[in-house]
Participant: 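Below you will find the structure I want to go over with you.
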Amino acid sequence: MKTGFCFSLALLAMALLSNPVRAQDAAAGKIVFAQCAACHSLDGSNGVGPSLRGIEGRKAGSFQGFHYSRALKATHYAWDAATLDAYIADPQAAIPGNVMPFSGIADKQQRDDLVAFLLTLK
Ligand code: HEC
């Protein structure tokens with residue numbers, strides 16, 4: 001019993017130590033998110049854009065109380081790393097006809113950091 005517990009702790013420590021890049025990415029992504037914060041809250045309140053709370057796995061165009069464009073409502077997928085990356089890179093190319101007034105982030109590293117941050121939002 002005790003040995004098993006120590007083993008689990010060792011595994012946890014290894015997982016934490018072997019993955020420092022991911023945590024750093026999310027921290028950098030929080031800074032990139034400043035470009036989104038004027039329109040998107042993280043606390044569940046809607047502004048110019050829908051809240052991004054719990055965005056991972058959320059069906060596109062479904063957040064309660066927000067009036068989406070027809071294009072976004074007709075998008076039948078749940079947000080994940082790949083779809084977020086494509087949308088942030090070029091919103092009009094990813095979802096033609098959506099009305100997010102944002103031209104996109106060309107820098108792949110910035111998008112990777114930002115997506116890592118978005119996936120931490122619960
Ligand atoms: C000037 C305001 C504005 C800015 C800046 C902005 N957005 Fe948006 N965003 C919107 C609006 C408005 C929508 C809804 C678009 C629609 O209904 O077609 C939206 C929709 C979204 C959605 C879809 C959410 C859902 O519930 O399906 C995501 C994801 C998103 N934005 C992420 C971002 C990220 C990440 C950034 C920063 C890189 C950003 N947005 C910058 C206004 C903005």
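We count ligands from 1, going down the list as the structure has it; atoms in each ligand are counted the same way.
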Participant: Among pairs that include at least one residue of residues 77-100, which meet side chain to side chain donor-acceptor pair (under 3.5 Å), considering only residues two or more places apart or in two chains?
Facilitator: D80-T83, D85-R111, Y87-N98

Participant: What are the two closest heavy atoms between P96 and A71, and how far apart are they?
Facilitator: O-CB, 3.4 Å

Participant: Which heavy atom of K59 sits nearest to which heavy atom of K73, and what is that distance?
Facilitator: NZ-O, 3.7 Å

Participant: With sequence neighbours excluded, give me every ring-ring contact (aromatic ring centres under 6.0 Å, His included) pair touching residues 89-113.
Facilitator: none

Participant: Show me, pair by pair, the donor-acceptor contacts under 3.5 angstrom made by side chains of residues 41-52, not counting sequence neighbours?
Facilitator:
{"residue": "S41", "atom": "OG", "partner": "D43", "partner atom": "N", "Å": "3.4"}
{"residue": "S41", "atom": "OG", "partner": "D43", "partner atom": "OD1", "Å": "2.8"}
{"residue": "S41", "atom": "OG", "partner": "S45", "partner atom": "N", "Å": "3.3"}
{"residue": "S41", "atom": "OG", "partner": "S45", "partner atom": "O", "Å": "2.5"}
{"residue": "S41", "atom": "OG", "partner": "S45", "partner atom": "OG", "Å": "3.3"}
{"residue": "S41", "atom": "OG", "partner": "S51", "partner atom": "OG", "Å": "3.3"}
{"residue": "D43", "atom": "OD1", "partner": "S45", "partner atom": "N", "Å": "2.9"}
{"residue": "D43", "atom": "OD1", "partner": "S45", "partner atom": "OG", "Å": "2.7"}
{"residue": "N46", "atom": "OD1", "partner": "S51", "partner atom": "N", "Å": "2.9"}
{"residue": "N46", "atom": "ND2", "partner": "Q64", "partner atom": "O", "Å": "3.0"}
{"residue": "S51", "atom": "OG", "partner": "S41", "partner atom": "O", "Å": "3.2"}
{"residue": "S51", "atom": "OG", "partner": "G44", "partner atom": "N", "Å": "2.9"}
{"residue": "S51", "atom": "OG", "partner": "R53", "partner atom": "N", "Å": "3.2"}

Participant: Are V99 and F66 joined in one hydrophobic group, where the rule is that I, L, V, M, F, W and Y side chains link up if heavy atoms are under 4.5 Å apart?
Facilitator: no

Participant: For ligand 1, list all ligand N or O to protein N or O distances below 3.5 Å, rounded to 0.1 Å.
Facilitator:
{"residue": "ligand 1", "atom": "7 (N)", "partner": "H40", "partner atom": "NE2", "Å": "2.8"}
{"residue": "ligand 1", "atom": "9 (N)", "partner": "H40", "partner atom": "NE2", "Å": "2.8"}
{"residue": "ligand 1", "atom": "17 (O)", "partner": "S69", "partner atom": "N", "Å": "2.8"}
{"residue": "ligand 1", "atom": "17 (O)", "partner": "S69", "partner atom": "OG", "Å": "3.4"}
{"residue": "ligand 1", "atom": "18 (O)", "partner": "S69", "partner atom": "OG", "Å": "2.5"}
{"residue": "ligand 1", "atom": "18 (O)", "partner": "V99", "partner atom": "N", "Å": "2.8"}
{"residue": "ligand 1", "atom": "26 (O)", "partner": "R58", "partner atom": "NH2", "Å": "2.8"}
{"residue": "ligand 1", "atom": "26 (O)", "partner": "Y68", "partner atom": "OH", "Å": "2.6"}
{"residue": "ligand 1", "atom": "27 (O)", "partner": "G61", "partner atom": "N", "Å": "2.8"}
{"residue": "ligand 1", "atom": "27 (O)", "partner": "W79", "partner atom": "NE1", "Å": "2.8"}
{"residue": "ligand 1", "atom": "31 (N)", "partner": "H40", "partner atom": "NE2", "Å": "2.9"}
{"residue": "ligand 1", "atom": "40 (N)", "partner": "H40", "partner atom": "NE2", "Å": "2.8"}

